[in-house]
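Computed from a predicted structure; not experimentally measured. In what follows, chains carry the letters A, B, and so on, assigned in the order in which the sequence lines appear, proteins first and then strands, with residues in each chain numbered from 1.
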Number of protein chains: 2
Amino acid sequence: MIECVKCGQVDAIKRAGFVRGKQRFHCRHCSYHFVVADPAPAKPARRQATIMDIAQHLGISPSTVSRALLNRYGINERTRAEILRVAQELDYQPNLLAQSLSNSETHTIGVIIPDIERPFFASVVSGIQQVASASGYRVMVCQSNESHQMEVANVQALVASRVDGLLICHSTETTSFDHIRLPHRKGLPIVHFDRICEDIDTSKVVQDDYGGGAAIAEHLLRQGCRQLAIFAGPPELLISRRRVEGFLSTLADQGIAADGVRVVHSHFKPDEALHTLREWLQSPAPPDGIFCVHYGNAIDMMLDLKQRGIRIPEEIAIAGFGEDRLAAVIEPGLTTIHQHPFQIGRQAALLFLNQIMAPESFVPTTHQVKGELIVRQSTLRRG
Amino acid sequence: MIECVKCGQVDAIKRAGFVRGKQRFHCRHCSYHFVVADPAPAKPARRQATIMDIAQHLGISPSTVSRALLNRYGINERTRAEILRVAQELDYQPNLLAQSLSNSETHTIGVIIPDIERPFFASVVSGIQQVASASGYRVMVCQSNESHQMEVANVQALVASRVDGLLICHSTETTSFDHIRLPHRKGLPIVHFDRICEDIDTSKVVQDDYGGGAAIAEHLLRQGCRQLAIFAGPPELLISRRRVEGFLSTLADQGIAADGVRVVHSHFKPDEALHTLREWLQSPAPPDGIFCVHYGNAIDMMLDLKQRGIRIPEEIAIAGFGEDRLAAVIEPGLTTIHQHPFQIGRQAALLFLNQIMAPESFVPTTHQVKGELIVRQSTLRRG
DNA sequence: GTGAAAGCGCTAACAA
DNA sequence: TTGTTAGCGCTTTCAC
């Protein structure tokens, strides 16, 4: 029960706003406004200091403090200096949540990748972070584990967290894209990278998969391979298709028909690779040149070939796509296309920033990152 | 200018709270309360729906909607059903910012690691994410790039974002820990992993570095190595020191004095490793067994030894610590301690959850994750 | 230059 | 069972 400090009345008291963070009361009996003395100095639990704390400390209003902290113009230099001093003293850290809620931007980018443990994605994330943090953005990373359902859940979580944008590489499972379409329609900046969705009008960063596949084919032909085979990914996976298409196109240019090339689709699993390899080896005309759309399968196969005592590259040449470190360390060295994943990440982040900076003039762009053919022993049959 | 809808007065109008999200006015002239007709149906820009939108749609109060959405008890089933229907219809997604601000918890864990591109940390992060997302937590990852300054900045950013906890592996540069001490004092749950700080009373997850080093030493001795050498990290780096200590302790047990073992400190850089290797090889009694505290240096050295035509393990046996994939693929296979980084991540997240769940009864715990000696060809000098 | 007050979207204590 | 109100910490008119 609050009683009026002037007339002692108790039931005519109404709250009437705040003064310096304290409840102000109004007595309707004697028309008197007052503030009760601090009733609870009870909570010494060291909270984070707020703008209000600084304001009270100096006997000024929170809005002035806010302005000073935000470096707004029209503030007395002495006031500003005082405010900064006290802020320092109280170890004030702005509450980004409150800030975000107020200006409805979080300065956070949501990133969805299939699996952070794959070096390719780890590098992409690193590239994104570099650009992001240089521009004052934080990054929230989610993994879909190649599950469509997880991917959808991740998108929802990030949207609910009100990220300022979404950078996404779809899971292999993903064939329907409504979960992306909705936030996209609501104007959330979205950038696709690596595994993109062609049906949505977003900015995209893609690998030159077609060119990479073509380069591998050309190289294998030059090395004298004639019985070619491709171990590919799921048929619905765009990047796999593109690599295969590029490969086949080069062959076509050289007058080699596509049906002369074995193409096996898979989910990139090691046992699938080994099983296929066995079948190839048992066929009447085993391949003398193998292209694995995913470097991991190339390594699976190499280890198996070595165990079988089959010489690489003399009997079978083998090439992969991606992941440089392992390819460089295995023996013989694995010929691959280096993808520059860090650059892919950087580009994705840059496209997002472009869109954020100039939303009106923004037009979705597709940026292509060229791979680099790195020739190692696994394919060098000549010179 | 607002004029009273009853008496037409203009200067006796005062704002008087809100009704259904609309401004309510009070005319002091005729004592009439009113709400002006929606002045601006101008913004069809599809915003995210809010609780208020649902409430207005149904002519009920926002708190009822909130309660229904939060599955609180004491809500009419029919009302709840209606609310859920409309929520679905409007594609309502709760604004996590507002929620967080309101209950001052973000359900976000901040993670600071030196470098996501290192497979060890990528796995740790993955382990953290698994546990976190299973408990409804999001994860925000920052990289320090082994820079103390970046690490401090990261801590501040995460604290400002009001993460519910901090999981951190310090940079090699970090020797002062005040940036951790402050939030720790304010009660922010902090878990250290891998590279810990012993002076702060936090939960910790550590590798059994001592045991790992000991196991390597024992194994090398069994293989008949007698001239041992250690390529270590910075002397101030705890995990490096522990591995070395474990190694030396085993030797001591076998009556081998520590000064009979060459120990070189470094920053793990490849050229440092190669330089040291050259010196060792040129010494009067080159080592026949090398332990690299960091697997990367072991690989650097192996590649160099192979180029020099020095046989591994016959002439020199070599062992590393960590990173299984590369170690398995290089030839000869590299003997290492597998660290189970995914488990380390899981444990760190679990310790955080423990603290969150029962803050009163919480006592900082140190959890040790045992490594696993994986013996491969690089050290097998006997059967 | 500064302050009062509204508002961001939500939860929770209290009242009805 | 529901509504009213205050409050989370900040920014931003608008008024003085």
Give the rounded distance in Å between these two atoms: NE2 of A:H107 and P of D:dC10. 16 Å

With sugar-phosphate meaning primed atoms plus P, OP1 and OP2, does B:T79 contact a base, only sugar-phosphate, or nothing at under 4.0 Å between heavy atoms? sugar-phosphate

The nucleotide from D:dT12, C:dG9, D:dT2 with an atom nearest the side chain of A:S66 is D:dT12

A:H170-A:H192 aromatic ring centre distance below 6.0 Å: yes

Does atom CD of A:Q149 have more than 12 heavy-atom neighbours from other groups under 6.0 Å away? no

Contact under 4.0 Å: B:R72 side-chain N or O vs C:dA12 OP1/OP2: yes

Spacing between B:Q99 atom CD and C:dG9 atom C1', to the nearest angstrom: 9 Å

On DNA chain D, more 5' by nearest nucleotide between B:P62 and B:L101 is B:P62

For the residue pair A:L167 and A:I112, establish whether any side-chain heavy-atom pair is separated by less than 4.5 Å. no

Contact class for B:T50 vs. all strands (heavy atom < 4.0 Å): base, sugar-phosphate, or nothing? sugar-phosphate

Does any part of the side chain of A:D91, heavy atoms only, come nearer than 4.5 Å to the side chain of B:L182, both counted from C-beta? yes

Taking only the side-chain nitrogens and oxygens of A:S61, find out if one of them lies under 4.0 Å from OP1 or OP2 of C:dG3. yes

Base, sugar-phosphate or nothing for A:Y73? Non-hydrogen atoms, less than 4.0 Å. nothing

Nearest nucleotide by nearest heavy atom, which residue falls closer to the 5' end of DNA chain D, A:L70 or B:E77? B:E77

Using whole Å, what does the distance between atom P of nucleotide D:dT2 and atom CG of B:L69 come to? 14 Å

Of the listed nucleotides D:dT4, D:dT2, C:dA4, the one nearest the side chain of B:N76: D:dT2

If you look at every strand shown and take non-hydrogen atoms under 4.0 Å, does B:R78 touch a base, only sugar-phosphate, or nothing? nothing

